[in-house]
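A note on names: the letters A, B, ... follow the listed sequences, proteins ahead of strands, and every chain is numbered from 1. Only heavy atoms go into these numbers, but all of them, side chains included; no hydrogens, no water, no symmetry mates. On a predicted model such as this, the values are computed, not experimentally measured, just so you know.
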Number of protein chains: 2
Amino acid sequence: MGVVRKTKAVKRLLSLFEPGVSAISAVDLVSQLNAEMNKTTVYRVLDRLENDGIVHSFMGKEGIKWYAKCTSCSSHHHNDIHPHFQCTDCKKVTCLSVEVSIPKVENHTIENATVFLTGKCGNCA
Amino acid sequence: MGVVRKTKAVKRLLSLFEPGVSAISAVDLVSQLNAEMNKTTVYRVLDRLENDGIVHSFMGKEGIKWYAKCTSCSSHHHNDIHPHFQCTDCKKVTCLSVEVSIPKVENHTIENATVFLTGKCGNCA
DNA sequence: CCAATAAAGCAACTTTGTTGCAATTAAAAA
DNA sequence: TTTTTAATTGCAACAAAGTTGCTTTATTGG
């Protein structure tokens, strides 16, 4: 951990995560940064940030990848198995700080869980 | 419901869901049926089957779509919000018949939940 | 059987993401 | 500080998953 070098690209990308708590899709990041850097760079910086536990990623309903800042993850352990929520109106995706109880299942060793919720957010309801 | 015509393609596709309880990825279906029908047909048949509540779909970790037979869904309501499980060894995906408690979240109206679990299945553990 | 409608095939395209390699840039060593 | 080394970036080409438009082929209802 702490291996990610704070290059211009890294700083710029991280700045986009600052304003709110929303997650951002890779596609959105690529298009926002289109004029400033190559999409390959965006994808590679995201990879590095994720490996280093600075952001985490998850797959959205439409098969595109979303990224959000980790609050308590390291490169060794992404310990917040929190649900992600997408508003069906404004399409915004947020991390929810709620505990999810992962059910025990006979004959299965569960190592990881992803919970993706959809509905209406406060603004749109 | 009951609108899906039982064409050759539909029957063939449905036959692939019979043997087990596993889910099948669209990619896998396309490649299995490669010699028999066009991939466009596969995708369109799956769409129809899903709209009619005969199968349900969900997004896998790698952004590819998986399909499984519904046990109690109709075109109006997919009522089994069951988790899906993928073995990290054999890559097989199955529907789990377990209840998942969806947390209530303040300021959010939750309409749908997807739970995706990964780990080791009985065979691979 | 025949017209109307739905399904299937085909090719071309879109979107999301990846790879190989050369050119830069930044960090470490001297 | 200069040199050396290693990591990062850009670019173009590619790949996989899925979609679209349009034509052809089946189905079905009269």
Side-chain angles (χ1 to χ4, degrees), chain A residues 1-17 23-68 75 84 86 91 93 114 116, chain B residues 1-17 23-68 75 84 86 91 93 114 116:
Chain A
M1 59 263 250
V3 181
V4 169
R5 282 153 63 169
K6 289 278 164 52
T7 61
K8 218 172 156 184
V10 167
K11 284 183 205 158
R12 183 67 182 99
L13 247 151
L14 281 177
S15 79
L16 296 176
F17 287 95
I24 318 179
S25 71
V27 171
D28 195 16
L29 286 168
V30 167
S31 93
Q32 273 190 65
L33 296 169
N34 182 41
E36 297 172 55
M37 67 185 82
N38 195 273
K39 69 172 174 174
T40 310
T41 305
V42 175
Y43 282 111
R44 290 203 272 230
V45 166
L46 288 170
D47 271 2
R48 274 183 274 147
L49 291 175
E50 181 166 28
N51 283 334
D52 223 50
I54 295 168
V55 302
H56 60 278
S57 75
F58 50 95
M59 197 55 67
K61 274 263 187 299
E62 317 78 10
I64 67 174
K65 225 171 175 181
W66 290 78
Y67 286 88
S75 52
H84 295 102
Q86 180 163 35
K91 309 296 181 198
V93 175
T114 305
F116 196 83
Chain B
M1 60 261 253
V3 182
V4 169
R5 280 152 65 168
K6 289 278 164 53
T7 59
K8 216 171 158 183
V10 167
K11 282 184 206 158
R12 184 68 182 97
L13 247 152
L14 281 177
S15 80
L16 296 176
F17 286 95
I24 318 178
S25 71
V27 172
D28 195 16
L29 286 168
V30 167
S31 93
Q32 273 190 64
L33 296 169
N34 181 40
E36 296 171 55
M37 67 184 84
N38 194 273
K39 68 172 173 172
T40 308
T41 304
V42 175
Y43 282 110
R44 290 206 269 232
V45 166
L46 288 171
D47 271 3
R48 274 184 273 148
L49 290 175
E50 181 166 28
N51 284 333
D52 224 50
I54 295 167
V55 303
H56 60 278
S57 76
F58 49 95
M59 197 56 67
K61 273 264 188 296
E62 318 79 10
I64 68 174
K65 224 170 176 184
W66 290 78
Y67 287 86
S75 51
H84 295 102
Q86 180 164 34
K91 309 296 180 197
V93 175
T114 306
F116 196 83

Worksheet item: Quick check: does any side chain N or O of Gln86(A) sit under 3.5 Å from a backbone N or O of Gly60(A), one acting as donor and the other as acceptor?
Response: no

Practice prompt. Could you check how far CG of Asp47(A) sits from C1' of dT9(D), rounded to whole Å?
Written response: 14 Å

Discussion item. Test side chain to side chain contact (heavy atoms under 4.5 Å, CB included) on Leu16(A) and Asp28(A); report intermediate values, then the result.
Written reply: CA-CA 11 Å; Leu16(A) 296 176; Asp28(A) 195 16; over 6 Å; no

Discussion item. For Lys6(B) and Ala26(B), find the nucleotide of DNA chain D closest to each by heavy atoms; which residue's nucleotide sits nearer the 5' end?
Written reply: Ala26(B)

Discussion item. So Val45(B), base contact, sugar-phosphate only, or nothing? Heavy-atom distance under 4.0 Å.
Written reply: sugar-phosphate

Practice prompt. Please check the phosphate of dA7(C) (OP1 and OP2 only) for any side-chain N or O of Thr41(B) closer than 4.0 Å.
Written response: no

Worksheet entry | Distance in angstrom units between Leu46(B) CG and dA7(C) P, rounded | 14 Å

Worksheet item: So do the side chains of Glu62(A) and Lys91(A) get within less than 4.5 Å of each other, counting heavy atoms only?
Response: no

Fill in: Side-chain N,O (Tyr43(A)) to OP1/OP2 (dG17(C)) below 4.0 Å
yes

Discussion item. Rounded to whole Å, please give me the gap between CG in Asn38(A) and C1' in dG17(C).
Written reply: 12 Å

Worksheet entry | Atom-pair distance (NZ on Lys61(B); P on dT16(C)), nearest Å | 20 Å

Practice prompt. Go through Phe17(A) and Leu29(A) one step at a time and tell me if the side chain to side chain contact (heavy atoms under 4.5 Å, CB included) criterion holds.
Written response: CA-CA 10 Å; Phe17(A) 287 95; Leu29(A) 286 168; 4.1 Å; yes

Worksheet, complete the sentence: Assign each of Val27(B) and Lys8(A) the nucleotide of DNA chain D bearing its closest heavy atom; nearer the 5' end lies the nucleotide of Lys8(A)

Item to complete: Starting at atom CG of Asp28(A), determine the distance to atom C1' of dT16(C), rounded to an integer number of angstrom.
Response: 14 Å

Discussion item. With a cut-off of less than 4.0 Å, is there a side-chain N or O of Arg48(A) near OP1 or OP2 of dT9(D)?
Written reply: yes

Item to complete: Assign the ring pair Trp66(A) / Phe58(A) to parallel, tilted or perpendicular, where the plane angle (0 to 90°) is split at 30° and 60°.
Response: parallel

Practice prompt. Looking only at non-hydrogen atoms, find the nearest pair between Arg48(A) and Val4(A) and report the distance.
Written response: O-CG2, 3.5 Å

Discussion item. Run the side-chain hydrogen bond (donor to acceptor under 3.5 Å, both in side chains) test on Ser15(B) and Arg12(B) for me, step by step, so that the C-alpha distance in whole Å, both residues' side-chain angles and the decisive distance to 0.1 Å come before the verdict.
Written reply: CA-CA 5 Å; Ser15(B) 80; Arg12(B) 184 68 182 97; 3.0 Å; yes

Worksheet item: Roughly, in whole Å, what's the span from CG in Asn34(A) to P in dC11(D)?
Response: 11 Å

Worksheet item: Could you give the CD-to-P distance, from Glu36(A) to dT8(D), as a whole number of Å?
Response: 19 Å

Worksheet, complete the sentence: Whole-Å distance, Glu50(A) CD to dT18(C) P, equals 11 Å

Worksheet item: In terms of side-chain heavy atoms of Arg5(B), which of dT27(D), dG9(C), dG17(C) is nearest?
Response: dT27(D)

Worksheet entry | Sidechain-backbone polar pair: Asp52(A) side chain, Ile54(A) backbone, donor-acceptor under 3.5 Å | no

Response to the item:
Terminal axes of the helix from dC1(C)-dG30(D) to dA30(C)-dT1(D) (5 end pairs apiece), angle rounded to 10 degrees, sit apart by 30°

Worksheet, complete the sentence: Sorted by position of nearest nucleotide on DNA chain C, 5' first, the leading residue of Lys39(B) and Val10(B) is Val10(B)

Worksheet entry | From NE2 (His56(B)) to CD (Glu50(B)), nearest 0.5 Å | 9.0 Å

Protein-nucleotides 19-21 of chain C N/O pairs under 3.5 Å:
unit_1  : atom_1 : unit_2   : atom_2 : d
dT19(C) : O4     : Thr40(A) : OG1    : 3.4

Fill in: Check: Lys65(A) side chain, dG17(C) base, donor-acceptor under 3.5 Å
no

Worksheet item: With Leu13(A), which of Thr7(A), Leu46(A), Ile24(A), Thr41(A) fulfils side-chain contact (heavy atoms from CB on, under 4.5 Å)?
Response: Leu46(A)

